[in-house]
Protein chains: 2
Amino acid sequence: MNSRVAAQDPNKPLHQALAEFRRQLRKFLLASENAAFEAGLQPQQHQLLLAVAGAPAGRSPSIAYAADTLGLKHNSAVELVDRCEGEGLLERAEDSEDRRRVCLRITPRGRKLLDRLSHVHLLELNSQGPQLIESLENVLRNQHRQRKRTGRKQLG
Amino acid sequence: MNSRVAAQDPNKPLHQALAEFRRQLRKFLLASENAAFEAGLQPQQHQLLLAVAGAPAGRSPSIAYAADTLGLKHNSAVELVDRCEGEGLLERAEDSEDRRRVCLRITPRGRKLLDRLSHVHLLELNSQGPQLIESLENVLRNQHRQRKRTGRKQLG
DNA sequence: GCACACTATATCGTGTCACGATATACTTTG
DNA sequence: CAAAGTATATCGTGACACGATATAGTGTGC
């Protein structure tokens, strides 16, 4: 065995596929961050605006909602909102139903920036989305090959 | 005009679609980070291992390669390698062709952890990959609707 | 074979941000 | 209204990415 140079690591194809997928992911995320920077926002600020603007119809976008959506702890969300509010991107408003809650509302300025950013993202995804999908599908194709070696150890 | 409660923001469908896509993305990224933590690694350490293990055949994985792949500056990559090396996940080796370069090599321990993580990621993507793709395609569908309002301002 | 520009890696001080622990404000329940 | 539960806020800490800078190796012209 040990055909030629290869056969070094039977998991290599999987690692390569996953690495390529992450590469595509990062490419998009980097483009997104750059777009945010160019608009004068921190990436996280953009994400918060998007989360608030994209909140499902019936749901009032609170701090807790933001934390959940962005995968942050409550306190981190509070701080992020502080920063956004400080730059006039959004504002805290009273929640009519529960006065413990804060209802986040995007300012005209924030909305304008977000609209522009969303447009940029649409274009970006339109152009590199297919590659992203392909790299993901390529990972999944790997799974089939995996099955026949489930349980085996790599040769030590 | 102003039909019912809606019509508040003509960009809302786009924002919602993008927000949902980011939500899917974060779901995967969070799952990935958790998997890394459970293996005792920082997410970035996992990414570095994956990048090194998934390097294209001919390419020797240097610091610069790592920085480029992970979207980091050189110095940040150096620090990340320091941390990984400190935990015995990989080691610096001499590059035979260019002695300025460092050739990153995964240790047996690092490889074992990475193999396990890649397997977990494969399962994860197999189960939530389709949703990710769908949310992305849903964003792209939005683009068609966009065309007919290009250039118009939202009603003030 | 040495001065030069160029590239790769390393070090250090700084700033941002997420976090845990904790505090405060409001709601609900009894 | 007391107690328990939930939402938001504050503060100190730590991880990490960065810019600026330093060091080491490579290639070129002469």
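Quantities reported herein were computed from a predicted structural model and do not represent experimental measurements. Residue numbers start from 1 in every chain, and the chains themselves are labelled A, B, ... in the order their sequence lines are given, proteins ahead of strands.
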Next item on the list: For residues 91-113 of chain A, pull every pair meeting ring-ring contact (aromatic ring centres under 6.0 Å, His included), keeping only residues two or more places apart or in separate chains.
Entry: none
Margin query: Any residue in residues 22-33 of chain A with a heavy atom nearer than 4.0 angstrom to DNA chain D? Just list them by number, or reply none.
Written below: none
Note to self: Applying ring-ring contact (aromatic ring centres under 6.0 Å, His included) as the test, list every pair that has at least one member in residues 40-60 of chain B; sequence neighbours left out.
What the structure shows: B:His46-B:His121
Notebook entry, point to check: Reading nucleotides 25-30 of chain C from the 5' end, what letters show protein touch, with B for base, S for backbone sugar-phosphate only, - for no heavy atom under 4.0 Å?
Noted result: -BS---
Note to self: Over all strands shown, is A:Val78 touching base, sugar-phosphate only, or nothing at heavy-atom distances under 4.0 angstrom?
What the structure shows: base
Item checked: Contact residues, residues 34-43 of chain B to DNA chain D [heavy atom, < 4.0 Å] -> B:Gln42
Next item on the list: Tell me which residues in residues 45-73 of chain A put a heavy atom below 4.0 Å from DNA chain D, sorted by number, or none.
Entry: A:Ser62, A:Ile63, A:Ala64
Next item on the list: Give, for atom OG of B:Ser135 and atom NZ of B:Lys27, the distance between the pair rounded to the nearest 0.5 Å.
Entry: 9.0 Å
Checklist line | Beyond-backbone contact of A:Phe21 with A:Asn138, side-chain heavy atoms, under 4.5 angstrom | finding: no
Next item on the list: Kindly indicate whether the side chain of B:Ser60, heavy atoms from C-beta on, has any atom under 4.5 Å from the side chain of B:Glu97.
Entry: no
Item checked: A:Asn126: partners by side chain to side chain contact (heavy atoms under 4.5 Å, CB included), with sequence neighbours left out -> B:Leu140, B:Gln143
Checklist line | Results of side chain to side chain contact (heavy atoms under 4.5 Å, CB included) for B:Val78 - residues two or more places apart only | finding: B:Ile63, B:Asp82, B:Arg92
Next item on the list: Look at B:Arg101 and C:dT9 and indicate whether a side-chain polar atom (N or O) is within less than 4.0 Å of OP1 or OP2.
Entry: no
Notebook entry, point to check: Can you pull the contact range of chain B along DNA chain D, 5' to 3', using atoms under 4.0 angstrom from its heavy atoms?
Noted result: D:dC16 to D:dT26
Next item on the list: Go through the structure and list residues passing side chain to side chain donor-acceptor pair (under 3.5 Å) with B:Ser62, not counting sequence neighbours.
Entry: none
Next item on the list: Starting from the C-alpha separation in whole Å, work towards a yes-or-no answer on salt bridge (Lys or Arg N to Asp or Glu O under 4.0 Å) for B:Arg23 and A:Asp68.
Entry: CA-CA 10 Å; B:Arg23 194 176 189 71; A:Asp68 175 57; 3.3 Å; yes
Margin query: Under a 3.5 Å threshold, yes or no: a donor from one side chain and an acceptor from the other, between B:His119 and A:Asn11?
Written below: no
Margin query: I'd like to check B:Asp9 versus A:Arg111 (side-chain heavy atoms, cut-off strictly below 4.5 Å). Are they in contact?
Written below: yes
Next item on the list: Identify, between B:Arg92 and A:Leu80, the residue whose nearest nucleotide on DNA chain C lies closer to the 5' end.
Entry: B:Arg92
Notebook entry, point to check: Rounded to the Å, how far apart are B:Glu79 CD and C:dT14 P?
Noted result: 15 Å
Notebook entry, point to check: Are B:Arg22 and A:Leu50 close enough that some pair of their side-chain heavy atoms sits under 4.5 Å apart?
Noted result: yes
Item checked: Where at least one partner belongs to residues 39-58 of chain A, residue pairs that pass salt bridge (charged side-chain N to carboxylate O under 4.0 Å, His left out), sequence neighbours excluded -> none
Item checked: NZ/NE/NH1/NH2 to OD/OE distance under 4.0 Å, B:Arg100 and B:Asp95 -> no
Next item on the list: Go through the structure and list residues passing side chain to side chain contact (heavy atoms under 4.5 Å, CB included) with A:Gln45, not counting sequence neighbours.
Entry: A:Leu41, A:Gln42, A:Leu80, A:Arg83, A:Cys84, A:Glu87, A:Leu89
